[in-house]
Amino acid sequence: MGKSQFSIQFLGAAKTVTGSKFFLKLGTVGILVDCGIFQGYREIKEKNEDPLPIKIEEIDYVLLTHGHLDHVGYLPKLVKDGFRGKIYASSPTLDLAAIILMDSGKIQEEEALRNSRFHPHDEPEIPIYTAEDAREAIRHFQRVEEGDWIKLSSEISVRFQYIGHILGACFIEIEYQGKRMVFSGDIGRQKEILLKSYKKPEKADLLLIESTYGNRVHPDESGKEALKHAVLENAKRGGTLILPCFAVERAQTMMFLLWELLNKKQIPPIKMVLDSPMAAEVLELFSRFPSWHKISVEDLHALSSQFTIIKKFKESLHSVESDEPKIIIAGSGMLSGGRVLRYLQKYISDPDSTVALTGFQAVGTKGRRLAEGASTLRIYGKDYPVRARIVNFEMFSAHADQNDLLDWLSDIHVAPEKLMLIHGEEEATLELQEILKQKKAWDSYIPEPDEIVEL
Ligand SMILES: [Zn+2]
């Protein structure tokens, strides 16, 4: 039995949050919406090595909602396996994706090399893709204007619209034979610190909506107040404050808030350091795309000048060695690697210093262990007693909570014929399903991994 000519297949982010890939078959045309890798536990990551259950030649176009790795990270593999079409997204999304894919290619190469060293008698491990493969994928990028309908073919039109979340992020609408299909991608918040609030869809015959926090309402505390408090407490003791951050976009948010607090004299002057080449590159994107966020070019310039921005590794080592009290922004956000680890080696046992976690901490990461009150932390094979003050800012999130999700849907007045809940763990997705039924009388469906749904 052949596949229907009007169908969608869930190649990722079905009953899980990573690996977003949705394959639409519209007549003879194949469209892949997002092309992310699976992240997290080993069993999940291993799925990246399985061949896709579709033929690469069936994909004519790739459309990207935004530049996060779990939405773009599979692109180099797709191109390596033979995809020859164009990859459409907003300009900031493509520039961000380029930074992220080059970094990811390098990491894949390093990981394969490390694993091969651990198992010298096995065949050398081959990375899923290399930095060169990433460079090849970037050659397929095609920029689109936000808010404009563009024709992919005589029968298919698409539109990318602003959705907050991270710089460049959009939801995608596709029109085909009088039907409108809407792909939410990741949805931002009604009130964001750096970004404007999202646009909303007005109609949808088919709607795929993310459900990451379908069962959660974010705490109403001010992140700025919490940060101010941590800085002041730390200043009293004269220690160093370490802010482990995701390079996209938590690092820039922290920089902005620190700059504001300093400007309003709500915190005393202290040396402030951004030690992350990737976060520095992302900050440059903010300057290049002023219409995509709320910070003026002058303010961006002023805030950058308040920070020592470290790119070279050697300078990073000097910064770690210096005893001058400072605020450090460095990756990775969950302490799973990156330059922040050397700062932790020096400061984690210093009772005058503070480590303030700034985002979601996945199970199994060092960040999660610190958040749960671990008394020692293992860094590069050595255990360090935890004596620094540990703070956990749980209010920062780039994802819509349950209220935001309902608000984002509030301009749609006719129930979608098919509503699919994706990009969520089971609990979150089931609760969102229940809430949509109660509050809007909308039925929804939770697709299985690799399931094909006829439209
Ligand atoms: Zn995202």
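This one's a predicted model, so the numbers in the text were calculated from it and none came from an experiment. In each ligand, atom 1 is the first atom listed, and ligand 1 is the first ligand listed.
- Geometrically, Lys21 engages Tyr74 in a cation-pi contact, judged by NZ or CZ lying under 6.0 Å from the ring centre and within 45° of the ring axis.
- Gln361 places a side-chain N or O within donor-acceptor distance of the main-chain N or O of Gly333, the cut-off being under 3.5 Å.
- Distance check, rounded to the nearest 0.5 Å: CD1 of Ile187 to CZ of Phe171 gives 9.0 Å.
- For an aromatic pair to be called close, the ring centres must be under 6.0 Å apart, and Phe6 with Tyr176 satisfies this.
- At least one donor-acceptor pair under 3.5 Å links the side chain of Asp34 to the backbone N or O of Thr65.
- Relative to the six-membered ring of Phe38, Lys45 misses at least one condition, a distance below 6.0 Å or an angle of at most 45° to the axis.
- Around the Zn ion (ligand 1), the protein contributes the following N, O or S atoms under 2.8 Å, ordered by chain and number: His66 NE2, His68 ND1, His165 NE2, Asp186 OD2.
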